[in-house]
Each structure stands twice: as structure tokens, then as C-alpha cells.
There are 2 protein chains.
Amino acid sequence: MLNYIFVFQPTQYQIKNFRMNHTVNPHVSVDCVIFGFDNERLNVLLIERTAGDTPAAVQYALPGDLVWEDESLDNAASRVLKELTNLEGIYLKQFKAFGNPNRVNDFKDLDWLQSYRQQPQARVITIGYYAFIRMDELHPEASSFAEKVFWRDIHEVPLLGFDHNEIVDEAIEVLRNDFDSNKIGFELLPDKFTLSQLQTLYESILDRKLDKRNFRKKVLKESIVVPLDEKQKGVLHKPAQLFELNQ
Amino acid sequence: MLNYIFVFQPTQYQIKNFRMNHTVNPHVSVDCVIFGFDNERLNVLLIERTAGDTPAAVQYALPGDLVWEDESLDNAASRVLKELTNLEGIYLKQFKAFGNPNRVNDFKDLDWLQSYRQQPQARVITIGYYAFIRMDELHPEASSFAEKVFWRDIHEVPLLGFDHNEIVDEAIEVLRNDFDSNKIGFELLPDKFTLSQLQTLYESILDRKLDKRNFRKKVLKESIVVPLDEKQKGVLHKPAQLFELNQ
DNA sequence: AAACTTAGTGTACCTATTACACTAATTGCA
DNA sequence: TGCAATTAGTGTAATAGGTACACTAAGTTT
């Protein structure tokens, strides 16, 4: 390796998780973009963090943290999500790595992060993950690290810390692509649902109106769903047929 | 950060590129999957490295190396490719991050790598990039780091070091997906080409035969290509009309 | 029983995809 | 010079898929 020499660094620490004895990789983090559907709108899960001591320094962000040395990236994403929001058992899909050198500046103001990195001037490369859940099934809860956890309509995402707005935007794009090619399932729907609910889901992800008859024709022809012997109850209009996923 | 404590590490070095004075991120690398087309088959670019002193320890791998602290991931991919194969000016697209903890074992035998990492036991997370080029236009050359650089048919990729076979397989899958959705251009073709050449390209990427008439109908209708006032010369059969890309 | 609300249904047109076989133009060689 | 070899180039019919469009049905509330 002709190009490289070694330079002594006077103070160096290894970061360990004191409960579990895990060494942290100070250069690699994961960030999770969790999409939630409430049968009407598509939302994204955000956390609120106070950066530093000033009470004004409230910052919104995606749930994310550094990766441990002895876990896979996929694992890190699940663990971090659980730690920050108490959500578990969700399938998280990797969609992109973010790592332009400006990330260093974005992280500069975060004392807690600076303090536990070996090279504070170095950037953190982050691997973006996304998932879908039903908002009425799983209930995120803030941990000690995140002061607050909340849902926000994807059309109304506030200014986020770091480069998290970019990460959200990329995730939405990937989500639409995956949806177009039938790559995502129906984690976003209840077990029994009406075709109108299914159509609303499609419309909120694709962000456009679909024709009711054509939509029904398609999902029935492709056997995406099967009808149940059951109807909607307690609605103030004609009750709809309930369906479930095929297989 | 309640969970973390700091543990002193007795010997720590920072790795610097002595010519350019860049600090290396010891945890993050990039690997490039370069697809090349010779008007007949789709190939992938590999390098040959001797790992350690034993002459038998010849290892095939993708061109890849660690990322510098002050460059973007995209940049690192271009730089590393240039350093190892002398290829430049190629559009590289990120497609996936690889980081399961087993990567540590895969790297264990590589002395040169071990020696310049801060935590030799730690895994390297790698970001995969891919690109397409025409094999007759750009000619890769081995640098001092790579003893040899060579093309190999994608159906005949040998056993590679690290988890590089997995990376190649994933890249091929992404390539096919991108191609299906018209997301890749025609970096793989000469400026002037015949429709048969174009069809051969499609066939080698999609890995199946296409109908000649239907293929022509389609590319002409969609105005992907425009005919030139020029015909093929020096072939021992009916010369074909030459085409170029639209716009 | 009338008003309100959402469920549920069919047809006609247009576009895209597939399957399929022969003639045309050039070169090299007998 | 004409024949063999080779690849270029062309059209049609059938099927599948996508789009546009408007009314009746079944409940609930007042």
C-alpha cells in the first residue's frame, strides 16, 4: 500500500455499549424512514431530539443511530428503531447509502454525537432503511434518547436535522417505484379491508386518483385479494364487502 | 447517551495518504462492478491481487478500496476505479451497501488491509457501485495495487475474494431491473450502431432472445434511435442501416 | 319516506404485445 | 459471372391490457 502512511493519534477511545459490551462503529449509522397509513393518508415517523443544552435547540429527525461492530446493517436498523421508538418485528428494507463529506458539518452541533466518535471531524456515512406499517396496529413510543415520537403527513414533513429531508425524499421515490412493480405487500392494511380502502392506499402512495371500476377489475383479475363472507358494519351508508389478501 | 462509555485504546493510528494528505475512513469502502459489452457478450471487470507473500495466494476481486474522509461516496468510487484500473469519466451508480459482520472474517487474511485499519477486528462496510462501458472504447490498465485487470463473461465469473460474488450477483439483478424500466442509457454502444447490435445488447442484458420485427417496431416507435444517412461497410453480407441515439 | 352517503357494476375504444416467414443486399469463391 | 453464404429488413392478425365513463343498490339519519 504505497500510498499510505500511519500517523500517531494521541488520544483514542473505543466506544462501548456498557450494558451489552458492543463496540460502536463511529463512521456508520442507519436511519429509518417508517411509512404509516391510517386508511387516509401516508405518514412518516419522526423523532424530536434536544441537541445540546439550549432548550431552543429542538430538532426533528429520523430514528437513526450508529452501527455496532458485531451486527449486520439490517440488524442495526431493527435495533435502532426498537431503541428509539419501541417498534419491532417490522421488515426494514435498505434503499440507499448517504455519505457526502458535508455530513460532517451537519453533525458538528450535536455534542452527544461528537463526544463519542473517534474522529470528531469525520463524517458519518448513513445507510437508509424504510418500512411500512399500519398506524392503528403498532404504536411507537419515545425512549430516553428521543424525547418525542410522532407521525407526520408526507406532504407536511418539517425541516429535519442532518440531511434527513433528502433521505425522506429518496425513500418516497423508492417507495413509489417499489409499489409500481408490486414489490411491496400490504403491511399497511388491516387483515380485513374493503376495496375502497385498498384503493385509497394505492392513491396515497401513487399520489393520484384512480378509476374505481378499473381498479377493482385489476385487483380481482390479478387475484391480489379474495372476498370474505363478511360485510362492513356500523357505517352510515351501504356496507362494503370485506376482502383479505390472497394466500 | 446513557448507553455508551469510552474505553481507552493504547495504540491508535490515523491512516494518511502521504501524497495527497487524505485521512482514510477505516470502516467504509466502495466496490465497483463495471459491466462491459463487446457487441456480443456482457462482461464484468475484475482485478487480480496477490494477498500476502505466498505466490499461490492469488485472489480475484472487484476494484474497490477504502473511502477518504473528505470525499463523497460517489467520488470515492470514481477515484478508486481510476486508481486500480485507470478508467475515468464513467458514470457510476450506487446500488447497495453490504455490511454483515462476517465481512470481518473475509478480510482477515489480507495483511495489507489489516495493517492499515484502526480496529483490525472490525468489519468494513462496503458501498456497491456499478457502471456500463464499451469494451472497445475504454481500456482498463492495472495499477501497482492490482497486478492484473481483466474482463470476464458474466456467466463465467470465478470465485472472488471477500463477498464479491454476492456483490456481482446483486449488481446484475439491479442492472436488469434498471434496464427493464429504461433507466440505463446506451453507454454500451458505439455512436453509430445497427439495430441488430442494439438488439444483441438488449438480449445479453435481459438474458433471453427477442423477436427481430417486434424489437425494431418498438425502438422505432418510441423514437429511442434515429437512422443516419450511412450504412455499415466491410461486412460480408447485406450492410445494415446505421442509427444513433435520439438527442 | 326522503335525504344522504358510499358500494358496486359493464362496455366500447384504444394501445401494446406476441407470434410468425419470406425477400433483399452484399461478399467470397468456384 | 453466378452461386453460396450471411445478415438485413419488412407486415399482419390475434390477443391482452389500459382507459374513459354514469348509473343503480344498500345501508343510515332525520
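Residue numbers begin at 1 in each chain, while the letters A, B, ... track the order of the sequences.
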Roughly how many Å is it from CD in A:Gln197 to C1' in C:dT6, rounded to a whole number? 12 Å
Residues A:Asn246 and A:Ser223: side-chain donor-acceptor under 3.5 angstrom: no
Pick out the pairs of N or O atoms, protein on one side and nucleotides 23-29 of chain C on the other, that lie under 3.5 Å.
from: C:dA25; atom 1: N3; to: B:Lys238; atom 2: N; distance (Å): 3.3

Give the residues of residues 206-216 of chain B touching DNA chain C, defined as any heavy atom closer than 4.0 Å, sorted by residue number. B:Asp211, B:Arg213, B:Asn214
Test side chain to side chain donor-acceptor pair (under 3.5 Å) applied to B:Lys212 - qualifying residues, sequence neighbours left out: none
Tell me, please, which residues at least two apart from A:Asp191 pass side chain to side chain donor-acceptor pair (under 3.5 Å). none
Is the count of non-hydrogen atoms from other residues, nucleotides or ligands lying under 6.0 Å from B:Glu203 atom CD greater than 12? yes
Which part of the nucleic acid does A:Gln232 contact within heavy-atom distance under 4.0 Å: base, sugar-phosphate only, or nothing? nothing
Euclidean distance, atom NZ of residue A:Lys233 to atom P of C:dA7 [Å, nearest integer]: 18 Å
The first and last nucleotides of DNA chain D lying within contact of chain A, meaning any atom under 4.0 Å from one of its heavy atoms, run from D:dG17 to D:dT28
I'd like to know if A:Lys217 reaches the base of C:dT11 with its side chain such that a donor and an acceptor end up less than 3.5 angstrom apart. yes
Do other residues, nucleotides or ligands put more than 12 heavy atoms under 6.0 Å from B:Arg134 CZ? yes
Would you say B:Asp211's side chain and B:Asn214's backbone share a donor-acceptor pair under 3.5 angstrom? yes
Is any side-chain N or O of A:Ser196 closer than 4.0 Å to OP1 or OP2 of C:dA7? yes
Between A:Tyr60 and A:Phe150, ring centroids under 6.0 Å: yes
Out of curiosity, B:Phe98 CZ to B:Glu166 CD, how far, rounded to the nearest 0.5 Å? 5.5 Å
Between B:Phe215 and B:Tyr202, ring centroids under 6.0 Å: yes
Side-chain donor-acceptor contacts of residues 225-240 of chain A below 3.5 Å, not counting sequence neighbours, with atom names and distances?
from: A:Glu230; atom 1: OE1; to: A:Lys192; atom 2: NZ; distance (Å): 2.8
from: A:Gln232; atom 1: OE1; to: A:Ala240; atom 2: N; distance (Å): 3.0

Taking CD in B:Glu40 as the centre, count heavy atoms belonging to other residues, nucleotides or ligands within less than 6.0 Å. Is the count above 12? no
